[in-house]
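Report on one structure; see the data block that follows.
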Amino acid sequence: MTKQRICNLQSSVSSLHLSEPLVSSPQSQTQSQSTRSTSASAPFSPEAYAKPFCEFMTNNPTIFHAVDHFTRQLEAHGYQRLSERDTWTSVLQRGGKYYVTRNGSALIAFAIGKDYKSGNGFGIVAGHIDALTAKLKPVSKLPTKAGFVQLGVAPYAGALNKTWWDRDLSIGGRVLVRDPTTGVVATRLVKLDWPIARIPTLAPHFGAAAQGPYNPETQMVPIIGIDNSDIFGEAASTDDGIKSGTFAATQPAKLVKVIARELGITDYSTIVNWELELYDSQPAQLGGLDKEFIFAGRIDDKLCCYAAQEALLASSDDTSPGIVKLVGMFDDEEIGSLLRQGARSNFLSSVMERVVEAFAPSSYGPNLLSQTVANSFLISSDVIHAVNPNFLNAYLENHAPRLNVGVAISADPNGHMTTDSVSAAILQAIADRSGARLQLFQIRNDSRSGGTIGPMTSARIGLRAIDAGIPQLSMHSIRATTGKLDPGLGVQLFKGFFDYFEEVDKSFQSF
């Protein structure tokens with residue numbers, strides 16, 4: 001394989017690495033997907049992350065489960081939980097490790113270098129943790145139709161597309177439960193371990209009716225049960241134990257009972273509300289003749305978030321000790337990022353401001369914050385289109401990333417991506433030091449580029465930034481594909497960024 005150059009950026013970007021990746025402080029899996037140790041002599045093994053990633057994807061199907069998993073993993077590695085309701089100034093310490101969540105669906109974790117001082121930069125890897133899904137409507141109970149019990153759902157982003165037909169769908173999310181004694185409302189997470197819903201297709205024998213287009217409100221309604229009481233002359237039971245006027249009364253009675261049983265709830269009226277969604281219940285798994293693929297749902301963008309967190313946990317406290325290493329995982333990217341837990345909110349900027357203020361030598365103000373921003377760098381990491389061999393004509397020559405090769409820089413001259421010659425050169429220098437390969441993606445002139453959190457985040461805060469993500473096939477499908485090595489290759493590059501950014505940035509002081 002020959003070396004490629006990032007021709008469309010500037011000549012300042014060096015040629016791409018094609019050597020076997022090695023790093024000085026690799027990880028080896030010692031127990032579960034969340035705990036690894038470092039060894040100074042063993043080569044880095046991207047393959048070691050494949051099985052743990054599959055387990056993470058299978059066990060954490062909703063955004064609330066994913067954030068909960070990451071917070072528990074952080075705590076196991078010594079990270080301290082912070083609350084946005086509290087003052088942080090007296091809590092934050094050099095060498096300290098912290099995390100904060102917002103809405104239970106967005107997460108920021110950061111490690112403050114032992115030599116950090118206000119004005120120094122942040123090394124940030126950020127992505128989005130939401131995925132296309134079908135969410136239950138506020139009133140999800142529907143009248144029985146032709147003997148079928150159905151569920152009222154609404155598409156989140158581009159879900160309920162044609163890939164959702166005839167899939168085994170389960171349900172999960174968060175349930176708000178009031179303690180009957182104290183009146184305190186708490187979050188309980190739930191996911192059923194069997195499929196409970198399906199959106200059936202109409203057989204092609206029915207001609208035009210089966211060809212579409214389909215009405216997503218009336219023709220893509222999931223079925224969740226059977227009720228033939230009408231043809232047997234049986235009266236529908238009204239003694240279901242659910243009190244009228246409660247939230248539970250607005251939901252299918254059998255679903256309420258199943259969810260309550262899973263959570264050990266006997267008084268249905270204590271369920272204040274919930275945010276539940278349907279998801280493909282098939283587990284993530286290795287595939288291909290040599291098991292070189294990972295087949296899973298919801299890869300976009302839990303893949304990059306997983307790699308970023310693993311990289312943060314693997315990065316030594318002795319590397320880049322003068323900066324703050326930060327991972328951000330945001331909600332709502334698929335619908336514009338405009339909510340308070342999205343990347344367009346003040347979540348990231350407020351965390352940065354609080355850290356800078358806590359270590360300000362005397363007075364805190366915009367001068368110190370602006371200095372911090374100028375010294376910082378963001379890797380906006382969202383999945384990138386891997387080359388599809390059946391549609392080669394859709395890809396730009398020399399800009400078609402492959403699986404199991406490495407993270408791909410994504411460029412767009414119209415500002416849909418943040419990449420420029422400076423940020424590409426910085427990331428290439430990082431890759432050189434960490435032994436990682438970089439690939440390239442840019443959309444053809446006759447196609448429309450997607451977007452990421454990069455432009456909105458870098459513009460709002462003023463960060464230098466690059467868009468670089470892990471390749472996958474079948475973006476926005478209910479099932480997608482990435483390479484067996486790709487989660488680990490993401491960890492390798494992002495760990496290299498945390499390890500070497502402070503050193504590399506010394507060569508880019510004029511930018």
Side-chain angles (χ1 to χ4, degrees), residues 74-75 77-102 106-126 308 311-313 315-330 343 345-380 418 422-423 426 429-430 457-466 494-511:
L74 288 165
E75 290 180 353
H77 283 78
Y79 280 71
Q80 178 181 345
R81 185 184 188 97
L82 300 172
S83 170
E84 288 194 282
R85 292 175 178 260
D86 299 334
T87 299
W88 297 359
T89 306
S90 61
V91 177
L92 301 182
Q93 303 289 330
R94 290 179 178 86
K97 300 178 180 181
Y98 310 93
Y99 76 90
V100 59
T101 64
R102 182 175 281 188
L107 167 69
I108 291 177
F110 58 97
I112 302 172
K114 57 187 177 181
D115 299 331
Y116 172 78
K117 61 181 181 180
S118 288
N120 287 8
F122 283 59
I124 304 168
V125 181
L312 179 64
L313 297 177
S315 181
S316 170
D317 296 342
D318 296 325
T319 60
S320 295
I323 69 169
V324 176
K325 303 172 183 177
L326 184 148
V327 166
M329 307 179 193
F330 299 98
S345 72
N346 72 334
F347 193 21
L348 176 57
S349 61
S350 68
V351 170
M352 296 179 68
E353 291 166 9
R354 285 179 155 200
V355 174
V356 175
E357 180 185 14
F359 295 94
S362 54
S363 61
Y364 167 76
N367 188 52
L368 194 58
L369 180 60
S370 295
Q371 180 187 11
T372 298
V373 170
N375 284 321
S376 300
F377 191 89
L378 164 69
I379 297 179
S380 165
T418 59
V422 175
S423 60
I426 290 174
I430 296 292
T457 306
S458 61
R460 185 183 186 280
I461 301 176
L463 297 163
R464 293 172 295 167
I466 190 170
F494 300 153
K495 177 182 180 297
F497 171 70
F498 290 132
D499 288 347
Y500 302 117
F501 171 67
E502 188 173 16
E503 171 191 333
V504 167
D505 193 43
K506 293 176 182 178
S507 299
F508 293 88
Q509 293 298 302
S510 59
F511 297 97

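Here the structure is a predicted model, which means the values were calculated and not measured.
One finds the CD atom of Glu84 at 8.0 Å from the CD1 atom of Ile108 (value rounded to the nearest 0.5 Å). To the nearest 0.5 Å, atoms CG (Leu348) and OG1 (Thr457) are separated by 6.5 Å. Rounding to the nearest 0.5 Å places CG of Leu463 at 11.0 Å from OG of Ser380. One distance of note links CG of Leu378 with CD1 of Ile466; it measures 10.0 Å at 0.5 Å rounding. To the nearest 0.5 Å, atom CG of residue Leu313 and atom OH of residue Tyr79 are 5.5 Å apart. Here the CE atom belonging to Met352 is positioned 4.5 Å from the CD1 atom belonging to Ile124, to the nearest 0.5 angstrom.
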(request) For salt bridge (Lys or Arg N to Asp or Glu O under 4.0 Å), just list the numbers for Arg94 and Asp317, CA-CA rounded to whole Å, side-chain angles, deciding distance to a tenth of an Å, and then say yes or no. (result) CA-CA 11 Å; Arg94 290 179 178 86; Asp317 296 342; over 6 Å; no
(message) Walk me through whether Leu82 and Leu92 qualify under side-chain contact (heavy atoms from CB on, under 4.5 Å).
(response) CA-CA 10 Å; Leu82 300 172; Leu92 301 182; 3.9 Å; yes
(request) Take Arg102 and Ser345 through the test side-chain contact (heavy atoms from CB on, under 4.5 Å) and record every step on the way to the result. (result) CA-CA 11 Å; Arg102 182 175 281 188; Ser345 72; 3.7 Å; yes
(request) Verify side-chain contact (heavy atoms from CB on, under 4.5 Å) between Tyr99 and Leu107, making sure each step is shown before the conclusion. (result) CA-CA 7 Å; Tyr99 76 90; Leu107 167 69; 3.8 Å; yes
(request) Run the numbers on Phe347 and Val100 for side-chain contact (heavy atoms from CB on, under 4.5 Å), then give the verdict. (result) CA-CA 10 Å; Phe347 193 21; Val100 59; 3.9 Å; yes
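Checked against a 6.0 Å centroid threshold, the rings of Tyr98 and Phe110 count as neighbours.
The main-chain N or O of Ala465 is never found under 3.5 Å from a side-chain atom of Ser458 such that the two would form a donor-acceptor pair. At least one donor-acceptor pair closer than 3.5 Å links the side chain of Ser349 to the backbone N or O of Asn346. Remark: the backbone N or O of Gly322 is paired with a side-chain donor or acceptor of Asn120 at under 3.5 angstrom. Counting only distance, with no hydrogens or angles, the side chain of Arg464 and the backbone of Ser376 share a donor-acceptor pair below 3.5 Å. In this structure a side-chain-to-backbone donor-acceptor pair under 3.5 Å is missing from Thr319 to Ser315. Between the Thr87 side chain and the Thr89 main chain, no donor and acceptor come within less than 3.5 Å of each other. In terms of modelled atom types and a separation under 3.5 Å, the side chain of Ser370 and the main chain of Asn367 share no donor-acceptor contact.
Here the options are Ile426, Val125, Ile430, Thr418, the test is side-chain contact (heavy atoms from CB on, under 4.5 Å), and the partner is Ile379; only Val125 passes. Of the candidates Tyr116, Trp88, Tyr364, Tyr116 is the only one forming a ring-ring contact (aromatic ring centres under 6.0 Å, His included) with Phe359. Each of Phe494, Phe501, Tyr500 was evaluated against Phe497; a single residue qualifies, Phe501, per the ring-ring contact (aromatic ring centres under 6.0 Å, His included) test.
Taking every heavy atom of both residues into account, Val356 and Ser118 meet most closely at O-OG, 2.7 Å. The nearest pair of heavy atoms linking Asp318 to Pro321 is O-CD, 3.8 Å.
Judged by distance alone, the side chains of Ser320 and Lys325 never bring a donor and an acceptor atom under 3.5 Å apart. Side chain to side chain, Arg81 and Thr101 meet the donor-acceptor criterion of an N or O pair below 3.5 Å.
Crowding of Asp86 atom CG: a count of heavy atoms from other residues, nucleotides or ligands under 6.0 Å exceeding 12.
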